[in-house]
Amino acid sequence: MSPLASPEVEIIESDKAVSTELPDFTTEEYKDAYSRINAIVIEGEKEAYDNYISIGTLIPESAAELKKLAVMEMKHMRGFTACGRNLGVSADMVFGKKFFSRLHGNFQEALKEGNIATCLFIQAILIEAFAISAYHVYIRVADPFAKKITEGVVKDEYLHLNYGEQWLKANLDTCKDELIKANKANLPLIKSMLDEVANDAEVLQMDKEELMEEFMIAYQDSLLEMGLDNREIARMALAAMV
Ligand code: PL3
Ligand code: FE2
Ligand code: FE2
């Protein structure tokens, strides 16, 4: 009998078929992982609100539009808070805050220096691409209540990503060097945040490889939309491998 036809292989294959079912949302293991993932998302949405309001102070002529984006983030935060409540989970907000602290620090620094391109790149490209990829993967394995909320949220996140892309595209000539620098400093943070959340995400049946793939698609599409060429995009993506 060839090894490929052995019964063990068949068992593995049937396990795979089982894993397309939704997880049990009521187990302690699920709720424990959800208490951290839920906190990350709530904190991320809250900081996104603050960040768009802050960016509005750097681009006063766009402050009203940025306020609209910020208000959407507040709505997202409330939606995800309801998702946790619906499952009887209380979010570990200390963990959530710590999860974002390095990225938050870099954003605050750029804000203080008045570096608009860096602020927009961190919030509207990196964080939004991270959110879009995570939400896409989550929608496939979420409980029905959270699925509906997340589907509404992800549509807004594309608007936010698009806002960042358009501003950076219009200003690419003057901000390319700043962009490359911001990418070098912050893309590795996104990678380590992904590493950090991978175990809990796995409990929610969210696959790490899939998360990385979805992120790279959203990230690379954004850079292309901004007007960077393939070589520049490859170079920027490689900054994650440090
Ligand atoms: C700004 O619009 C959004 C900022 C939130 C970023 C959160 C990224 C989440 C990564 C962890 C996996 C979450 C799965 C989704 C669960 C609700
Ligand atoms: Fe959001
Ligand atoms: Fe957003």
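Since this is a predicted model, take the numbers as computed values, not measurements. Each ligand, and each atom within it, is numbered from 1 in the order the structure gives.
- Using a cutoff of 4.0 Å between basic side-chain nitrogens and carboxylate oxygens, D177 and K181 are not scored as salt-bridged.
- For atom 3 (C) of ligand 1, the choice among E45, E196, M193 with the nearest heavy atom turns out to be E45.
- Put simply, the side chain of Q205 does not reach to within 4.5 Å of the side chain of L22, judged on heavy atoms.
- Looking at atom 6 (C) of ligand 1, its nearest protein heavy atom turns out to be A131 CB, 3.9 Å.
- In summary, the aromatic rings of H76 and Y49 are positioned with their centroids too far apart to meet the 6.0 Å limit.
- Annotation: side chain of L66 is not in contact with side chain of I53 (no heavy-atom distance under 4.5 Å).
- Here E157 has side-chain heavy atoms under 4.0 Å from ligand 1, and that is the only part of it that gets that close.
- Protein heavy atom at the shortest distance from atom 13 (C) of ligand 1 is I37 CG2, 3.6 Å.
- The atom of E157 nearest to the Fe ion (ligand 2) is OE2, with the search restricted to N, O or S atoms.
- Here E202 does not pair with K208 in a salt bridge; the nearest charged N to carboxylate O distance is not below 4.0 Å.
- The shortest N/O to N/O separation between Y135 and ligand 1 does not fall below 3.5 Å.
- The protein heavy-atom contact nearest to atom 12 (C) of ligand 1 is A134 CB, 3.7 Å.
- Formation of a donor-acceptor pair under 3.5 Å by the D229 side chain with backbone atoms of E232 is found in this model.
- Between E214 and I132, the closest side-chain pair of non-hydrogen atoms is not below 4.5 Å.
- Taking backbone and side-chain atoms together, E128 has no N/O/S atom less than 2.8 Å away from the Fe ion (ligand 2).
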Take E210 and H136 through the test side-chain hydrogen bond (donor to acceptor under 3.5 Å, both in side chains) and record every step on the way to the result. CA-CA 10 Å; E210 218 174 309; H136 270 310; over 6 Å; no
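- Using a 4.0 Å cut-off to heavy atoms of I127, the atoms of ligand 1 that qualify are 4 (C).
- Note on E73: counted as a metal contact of the Fe ion (ligand 3), an N/O/S atom lying under 2.8 Å.
- Distances from the Fe ion (ligand 2) to the N/O/S atoms of E45 are shortest for OE1.
- The shortest contact between atom 17 (C) of ligand 1 and any protein heavy atom is with Y138 CE2, 3.5 Å.
- In terms of modelled atom types and a separation under 3.5 Å, the side chain of E178 and the main chain of T118 share a donor-acceptor contact.
- Nearest N/O/S atom of H76 relative to the Fe ion (ligand 2): this is ND1.
- By the 4.0 Å N-to-carboxylate-O rule, D92 lies too far from R36 to be salt-bridged with it.
- For ligand 1, the atoms closer than 4.0 angstrom to any heavy atom of G44 are 4 (C), 5 (C).
- Short contacts between ligand 1 and A48, defined as distances under 4.0 Å to a heavy atom of the residue, involve ligand atoms 1 (C).
- The N/O atoms of H76, backbone and side chain alike, include none that comes under 3.5 Å of an N/O atom in ligand 1.
- Close approach of ligand 1 to F130 is summarised as follows: ligand atoms under 4.0 Å from at least one heavy atom of the residue are 8 (C), 10 (C).
- The shortest N or O to N or O distance between Y34 and ligand 1 is not below 3.5 Å.
- For atom 11 (C) of ligand 1, the closest non-hydrogen atom on the protein side is V197 CG2, 4.0 Å.
- At a cut-off of 2.8 Å, H160 coordinates the Fe ion (ligand 3) through an N, O or S atom.
- Aromatic pair F80/Y135: centroids less than 6.0 angstrom apart.
- For ligand 1, the polar-atom distance check finds an N/O of E128 within less than 3.5 Å of one of the ligand's N/O atoms.
- Electrostatic pairing of E151 and K147 counts as a salt bridge here, judged by a charged N lying under 4.0 Å from a carboxylate O.
- With hydrogens and angles ignored, the 3.5 Å screen pairs a side-chain donor or acceptor of T27 with a backbone N or O of Y30.
- The distance from ligand 1 to the heavy atoms of E73 drops below 4.0 Å at these ligand atoms: 1 (C), 2 (O).
- Put simply, part of M206 is less than 4.0 Å from ligand 1, judged by heavy atoms.
- Relative ring orientation between Y138 and Y34 is described as tilted, the plane-to-plane angle lying within the 30° to 60° band.
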